[in-house]
A.B. asks: 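Please read through the structure below; I'll follow up with questions.
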Amino acid sequence: MTRRVSTRLMNICVASLCRARRVDAAERVVADGIRLGCLPDVVTYNTLVAAYCRLVGVDAAYSVLHRMREAGLHPNVVTYNSLIAGSARGRRLPLSLDLFEELLRVGLSPDVWTYNNLMHCLFRSGCPDHALRVLMSMESANLAPSSATYNILINDLCKRGAARDALRLFRYLERVGFPRDLVTFNTLIDGLFKSGRFGTARRLFWELLGSGRAPNVVTYTTMMKGCFRSRRFEEGLTMLGEIRRAGCRFDAFAYCNVISVLIKMGKMEAASDFVEEMIAQCGVLDRVCRNTQINLCFKLGKMDDGLDLLNQVDEIDGYTVSILVDGLCRNNRFLGAYNLLKSMATTGTWSNLVPYNCIIGALCKQGKVESMNFAMMLFSEMERTDSFTYASLLHGLCKLGRFLEAFRIMMAGVRKGVRLPTSVQRAVLTGLRLSRHKLHARKLSAPSSQVPGKAGSESRSGLAWADPNLDRDRIGDPAVLRD
DNA sequence: CTAGGGTTAG
């Protein structure tokens, strides 16, 4: 009896440590328990399996499974559900299917969560048809779908750009009186924002408020990001204020969200305040939090502080490298940035697209011939490029009046399927047209016979910067063309 | 135990 009670106590302790992402501490509690004769049970192991799946990965969770079996305990549905959820998160479709089969083989019966997780994995792995088949087999197994089932469905529809269908499903659930929870609302609001339907998203937010349900941090940060996305800055900041007013607790996710938005808006003091608060509130900062923190240091020009932070950690990811490369470029340390990027090839397995784009973007902004040439050299050695790469290069070339070169690169990019903003395309084409014109004019007429007024008014009609929708700074200095 | 929200380049 005493053993049972102490195991339950240990489980509560392990669970709360896992919730706080402190798996190591949880493991120590279990080890101490065993030493003191308090044996872990299925719940203990399941808690650990779930934590490893969530915080590390399925493979790490398998080692717990192993220990569990060694202790003579059999995994149950909960164990399998966590593992399937973990493989869904890692898009490990074959693994999740194996787990499902194994579950059936050992004589366990799947529950709603099993089906939900499997369906989720199929959706995430790009197999919507199979996912829907799982939904149907769930029905034939006489298992009633939960709100999570529909949330997964709605989420998938949103991710595939079918927010309209997601909304339809949402309305259907409303009509038949199926309970929709906060996650349903949050998922759909986010999906609507991402498909550009600002008004509908905002109406849904009001509907949520009207339904008497209390929004959470997720709702507010989703609204905030959605507002910024559609350039409604005031409303976005209002949402930020609402998080505090509603008494929502910020977690690491919310902090990083808010801080990155503030940095992008140039509200550096506010961003710094939130970083301080994050450090005070979140305890041990995870990788993303630290990246956010380092990013702020670099954006503030505090290179040394950023590098100090960097030295304190041993796990670096692609984001960290990008942030660092960007920070170096902002301080004109291009060679350092380039060397770092090159060292990535040997140390990391991440894509170097963003770091390359950072360097090229910064070089092109300089408007110097030698910088531009360096940028072109980098461009030629990139194995993967995207519209950022092209936009930076074309911008830089136009700035230097190298329109023909820009045009050729643009056409090569277009042939490769790169989608460029129309403003960039127009800048190149107008520049090319104008420089040809200029060459022509120079050949035809003697300088003395030129009528300045005429030339000016004629060219203005075809000038890219006469377009009010166009950002003048993106095209470069018109003086370059005029001379 | 599951579903939803986080970090980089313009």
Side-chain angles (χ1 to χ4, degrees), chain A residues 15 18 43 46-47 49-51 53-54 76-86 88-89 111-121 123 146-156 158-159 181-191 216-226 250-261 263-264 278 285-296 298-299 317-327 329-330 350-362 364-365 386-392 395 421 424 471 473-474:
Chain A
C18 286
V43 176
N46 279 352
T47 311
V49 166
C53 278
R54 170 174 280 283
N76 61 14
V77 199
V78 175
T79 326
Y80 281 102
N81 285 350
S82 294
L83 289 169
I84 295 175
R89 211 171 286 124
D111 62 10
V112 192
W113 282 330
T114 322
Y115 283 104
N116 284 350
N117 292 341
L118 194 60
M119 197 172 84
H120 183 216
C121 190
F123 273 135
S146 64
S147 55
T149 314
Y150 288 111
N151 292 344
I152 295 169
L153 220 54
I154 286 176
N155 184 243
D156 180 70
C158 289
K159 290 281 182 308
D181 57 18
L182 190 55
V183 176
T184 326
F185 277 88
N186 289 349
T187 308
L188 191 53
I189 289 175
D190 188 53
N216 62 5
V217 214
V218 178
T219 324
Y220 287 119
T221 46
T222 304
M223 285 301 294
M224 183 185 70
K225 289 198 90 171
F250 279 77
D251 58 9
F253 283 80
Y255 277 117
C256 294
N257 231 327
V258 168
I259 293 164
S260 74
V261 163
I263 290 175
K264 283 195 180 114
M278 179 175 78
L285 300 188
D286 69 8
R287 220 172 357 90
V288 179
C289 292
R290 281 196 317 265
N291 282 341
T292 307
Q293 193 188 0
I294 293 172
N295 184 31
L296 178 66
F298 286 155
K299 289 283 170 8
D317 63 8
Y319 284 101
T320 326
V321 176
S322 300
I323 290 166
L324 187 54
V325 165
D326 178 59
C329 288
R330 280 170 201 270
W350 324 289
S351 155
N352 55 18
L353 176 65
V354 175
Y356 260 116
N357 281 350
C358 287
I359 305 181
I360 288 182
C364 291
K365 247 203 280 193
D386 67 358
S387 62
F388 281 134
T389 328
Y390 279 87
S392 301
H395 178 203
V424 175
D471 184 359
D473 294 332
R474 293 184 68 86

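Proteins get letters first, then strands, A, B, ... in listed order; numbering begins at 1 in each. Nothing here was measured: the structure is a model prediction, and the numbers come from that model.
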A.B. asks: Apply side chain to side chain contact (heavy atoms under 4.5 Å, CB included) to A:T184 and list each qualifying residue two or more places apart in sequence or on a separate chain.
C.D. replies: A:N151, A:I154, A:F170, A:R180, A:D181
A.B. asks: Rounded to whole Å, how long is the line connecting atom CG of A:N81 with atom C1' of B:dC1?
C.D. replies: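 Rounded to whole Å, this separation is 7 Å.
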A.B. asks: Could you state the CD-C1' distance from A:Q293 to B:dT7, rounded to the nearest angstrom?
C.D. replies: 12 Å
A.B. asks: Please pick, from B:dG4, B:dA9, B:dT7, the nucleotide with the shortest atom-to-atom distance to any side-chain atom of A:F388.
C.D. replies: B:dA9
A.B. asks: Please classify the nucleic acid contact of A:T221 as base, sugar-phosphate, or nothing, using heavy-atom distances under 4.0 Å.
C.D. replies: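 Answer is nothing: A:T221 stays at 4.0 Å or more from every strand.
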A.B. asks: In whole angstrom, give the distance that lies between atom CD1 of A:I259 and atom C1' of B:dG5.
C.D. replies: 15 Å
A.B. asks: Does A:N291 make a side-chain donor-acceptor contact with the base of B:dG6, cut-off 3.5 Å?
C.D. replies: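 It does not, because no donor-acceptor pair links the side chain of A:N291 to the base of B:dG6 below 3.5 Å.
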A.B. asks: With the side chain of A:Y319 defined as its heavy atoms from C-beta on, choose the nearest nucleotide among B:dA3, B:dG5, B:dT8.
C.D. replies: B:dT8
A.B. asks: Taking the side chain as C-beta and beyond, is there a heavy-atom pair between A:D156 and A:L153 under 4.5 Å?
C.D. replies: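 The answer is no; the side chains never approach within 4.5 Å.
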A.B. asks: Send over the distance from A:H120 NE2 to B:dC1 C1', rounded to a whole Å.
C.D. replies: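 Nearest whole value for this atom pair: 15 Å.
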A.B. asks: Applying a 4.0 Å non-hydrogen cut-off, can you work out what A:N186 is touching in the nucleic acid: base, sugar-phosphate, or nothing?
C.D. replies: base
A.B. asks: Considering just the side-chain nitrogens and oxygens of A:K299, establish if one lies under 4.0 Å of OP1 or OP2 belonging to B:dT7.
C.D. replies: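 Answer is no, no contact under 4.0 Å.
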A.B. asks: If we count only N and O atoms by modelled type, under 3.5 Å, do the side chains of A:T320 and A:N291 hold a donor and an acceptor together?
C.D. replies: yes
A.B. asks: What's A:C289 touching, base or sugar-phosphate or nothing? Going by heavy atoms closer than 4.0 Å.
C.D. replies: base
A.B. asks: Over all strands shown, is A:A252 touching base, sugar-phosphate only, or nothing at heavy-atom distances under 4.0 angstrom?
C.D. replies: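 Contact class for A:A252: base.
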A.B. asks: Checking contacts here: which listed nucleotide (B:dT8, B:dT2, B:dG6) is nearest the side-chain heavy atoms of A:I323?
C.D. replies: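 Nearest listed nucleotide: B:dT8.
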A.B. asks: Should A:R290 be listed as having a side-chain N or O under 4.0 Å from OP1 or OP2 of B:dG6?
C.D. replies: no
A.B. asks: Rounded to whole Å, how long is the line connecting atom CE of A:M119 with atom C1' of B:dT2?
C.D. replies: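 Computing the A:M119:CE to B:dT2:C1' distance gives 11 Å.
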A.B. asks: Round to the nearest Å and state the distance from A:I263 atom CD1 to B:dG6 atom P.
C.D. replies: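 After rounding, the gap between these two atoms is 16 Å.
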A.B. asks: Considering every strand and a 4.0 Å limit on heavy-atom distances, what is the contact class for A:C358: base, sugar-phosphate, or nothing?
C.D. replies: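 The answer is sugar-phosphate, as A:C358 gets under 4.0 Å only of primed atoms, P, OP1 or OP2.
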A.B. asks: Without decimals, in angstroms, what is the distance between A:N295 CG and B:dG6 C1'?
C.D. replies: 13 Å
A.B. asks: Assess the side chains of A:N46 and A:S82: does a donor N or O sit below 3.5 Å from an acceptor N or O?
C.D. replies: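 Result is no, nothing qualifies.
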A.B. asks: Using atom CZ of A:R89 as one end and atom P of B:dG5 as the other, report the distance to the nearest whole Å.
C.D. replies: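 It is 12 Å, rounded to the nearest whole Å.
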A.B. asks: Would you indicate what A:D386 reaches in the nucleic acid, counting non-hydrogen atoms under 4.0 angstrom: base, sugar-phosphate, or nothing?
C.D. replies: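 The answer is base, as A:D386 lies within the cut-off (heavy atoms under 4.0 Å) of a base atom.
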A.B. asks: Is A:D251 side chain donor-acceptor paired with the B:dG6 base, going by distance under 3.5 Å alone?
C.D. replies: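 Answer no: no donor N or O sits under 3.5 Å from an acceptor.
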A.B. asks: With sequence neighbours excluded, what pairs up with A:Y80 under the ring pair (Phe, Tyr, Trp, His ring centres under 6.0 Å) test?
C.D. replies: none
